[in-house]
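For reference, the structure is listed below as structure tokens.
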Number of protein chains: 2
Amino acid sequence: MASRALNNAPHVSRAKREAVERAVRQLGYVPNPTARALATRQTGAAALVVSGEDPSIFADPFFARVIVGASAALDEADLHLMLCLAASDRGRKRVEELLRCRGADGVMLMALREDDPLIRMADEAQLPVVFGGRPVGPAPRWYVDVDNVGGAREATEHLVSLGRRRVAVICGRLDTEAGRARYRGYRDAVLGAGLDPFPPLQGDFTERSGAAAMAALLAEHPDVDAVFAANDNMAAGALRTVREAGRRVPADVAVVGFDDLTVAQVADPPLTTVHQPIEALGREMARMLVALVNGQDPTPLVLPTRLTVRASA
Amino acid sequence: MASRALNNAPHVSRAKREAVERAVRQLGYVPNPTARALATRQTGAAALVVSGEDPSIFADPFFARVIVGASAALDEADLHLMLCLAASDRGRKRVEELLRCRGADGVMLMALREDDPLIRMADEAQLPVVFGGRPVGPAPRWYVDVDNVGGAREATEHLVSLGRRRVAVICGRLDTEAGRARYRGYRDAVLGAGLDPFPPLQGDFTERSGAAAMAALLAEHPDVDAVFAANDNMAAGALRTVREAGRRVPADVAVVGFDDLTVAQVADPPLTTVHQPIEALGREMARMLVALVNGQDPTPLVLPTRLTVRASA
DNA sequence: GCTTCCAGTGGGAGCGCTCCCAAAGCGCAC
DNA sequence: GTGCGCTTTGGGAGCGCTCCCACTGGAAGC
């Protein structure tokens, strides 16, 4: 019957297939995706959930680029992208509902906070879940992450190789795995060079917090000659503080960031930073999810980072 | 029957309602949204389509903030957000499909290029369509926009009020309505002050194009003492060029931008710019769409802009 | 000639809801 | 007691697909 012709199933004669095609054109027939979804028990959509307590973290261009990558990969698998901002209570409720009633064929989870209830819910949900960036705690079954430890180590080693001896760190939030991993990488490199690591001075990944942390650093350790900031925003803030304090970058204080967002290129001086493949992160998350939806069992993926040297260090 | 109890319909006795609720809890019953969608002919989702030939324009934090606003408003109406990046051919095909087969209850359209085929498709589609920002050409039936003309006028008048007499402009893409409207606003203000408007020197809304345009400007009109750039990215580029040319901002050249994104705050010097309510734009688009889905007939909306004075002018 | 096989076809059942309709129950006025 | 109008209840058609099953007829094998 018609259904077979439309889905190019076998056991359909050429004549019949053409007849159906003609009829489709004449009548302007379009299949109803909802009916198909009901019959096949597949919604044809994947959800990208961005957690975090503050909706404005989503304004970080990071997520937009993840989406670009994920969207392209989902397009290839003919899946729609549902975007869920789980910042508000309302938003979280709706994500919970989505997981319970299988409102999507699979879910990508990002920016989870520590002990995020979504982790448990995802665990109980009877549908594929891919994590973007490992959450704090035990590693989930399926995730895509970037090599935060390696990137931070490389960044710090670069500072050391420049002859710097008082290499400080401005950490990101330590209730995120990325924040912790980047501190570990820094620590590894400093210890490896026989230097003393600084204690984890914590920012919250914003420009402002980077500026504040840098001010504290300069006050407590006037002899600091290098800083690894756990992301570009904080590095930009640090740059500003150093400049305002009348010191030069990189002559007096060398600064390295992490992310390689636009801000790194337009900063003054342009920021040496750890490049991470953000679109690829989104793309690989989506591909992993598609594989799961298709019944395969992919393995977790850690994408490489790469130091990009510019003027700040 | 059960359906009535679950949807709090009338004509259900208290006893029955409680019995149903108990059964639901015991069995862990969750209604199937797909089946509901098929029966009600409502998908429970709204699509946000971002057109434009380059997927990377989506990386502009502008869209992320629109999404934050739209997502919040859709949450309130219990609609899911489907995000469609219509940059690739594949993406455009899928949006077309979405429109034709009513894969969503309504669609929000943004970043349309001139003569974008989506405009016609949206017209023919039998479902509510709200435009975010007017497209070039005749105004659509339903849209939300910001007051680009008024904002540009105010920005330019500010430069004039500072005593500047050679007020140049760096336009955005003139194949977008925002680009054109902002040039009109500039032109109105300059003419109103009895000065000569500069011809529309065109950039493409990127930092790099702003820098290049500023270089051309300085070469051709060394006496320029003020610039209105049609967005912050280009203004930041202009800032860089002015600095590199050894001139001071704002002493020698005053610069005003448009958008009030993060880049305006972290620029050196911080950018005087036209603030536009981006989250509100998203929110109002979503609300307008919800109204349409509910059978109401809302009127187009133009949101006000506001000049935010910082150090650059 | 007959059976055996299989590509091709038509007919429904079923997906899990909503919504309408008819029947039942019940109070009230006559 | 009967008739009327109301709330409450159960039953089932229908949403538009997919997928299975039973059937047909022609080619191949004996």
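These numbers come from the heavy atoms of this one structure, side chains and all, not from hydrogens, waters or symmetry mates. All figures in this text were calculated on a predicted structure; none of them were measured in a lab. All chains are named by letter (A, B, ...) in the order of the sequence lines, taking the proteins before the strands, and each is independently numbered beginning at 1.
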Applying salt bridge (charged side-chain N to carboxylate O under 4.0 Å, His left out), run through B/R22 and B/E18 and close with a yes or a no. CA-CA 6 Å; B/R22 211 168 331 112; B/E18 283 170 358; 5.4 Å; no

Would you check if the side chain of A/R173 reaches a backbone N or O of A/D204 as a donor-acceptor pair within less than 3.5 Å? no

Taking salt bridge (Lys or Arg N to Asp or Glu O under 4.0 Å) as the test, write out the residues that go with B/D145, two or more places apart. B/R134

With a 4.0 Å cut-off, would you call B/R94 and A/E76 a salt bridge? no

Assess the side chains of A/D105 and A/T43: does a donor N or O sit below 3.5 Å from an acceptor N or O? yes

Among residues 22-33 of chain A, which contact DNA chain C at a heavy-atom distance under 4.0 Å? none

Criterion salt bridge (charged side-chain N to carboxylate O under 4.0 Å, His left out) on B/E96 and B/K93, from CA distance to verdict: CA-CA 5 Å; B/E96 182 172 1; B/K93 278 253 162 39; over 6 Å; no

Between the axis at one end of the helix from C/dG1-D/dC30 to C/dC30-D/dG1 and the axis at the other (five pairs apiece), what's the angle to 10 degrees? 60°

Backbone of B/D75 reached by a side-chain donor or acceptor of A/R90 within 3.5 Å: yes

Grab the CZ-P distance between A/R102 and C/dG16 for me, whole Å please. 11 Å

Nucleotide nearest B/L38 when distance is taken to its side chain, options C/dC19, D/dC15, C/dC15: D/dC15

Taking the minimum atom-to-atom distance to the side chain of A/R36, which one of C/dC17, D/dT18, C/dC15 wins? D/dT18

Could you tell me whether the side chains of A/N233 and A/T206 share a donor-acceptor contact shorter than 3.5 Å? no

Whole-Å distance, A/Q42 CD to D/dG16 P, equals 21 Å

Ignoring backbone atoms, establish whether A/R41 has a side-chain N or O less than 4.0 Å from OP1 or OP2 of C/dG16. yes

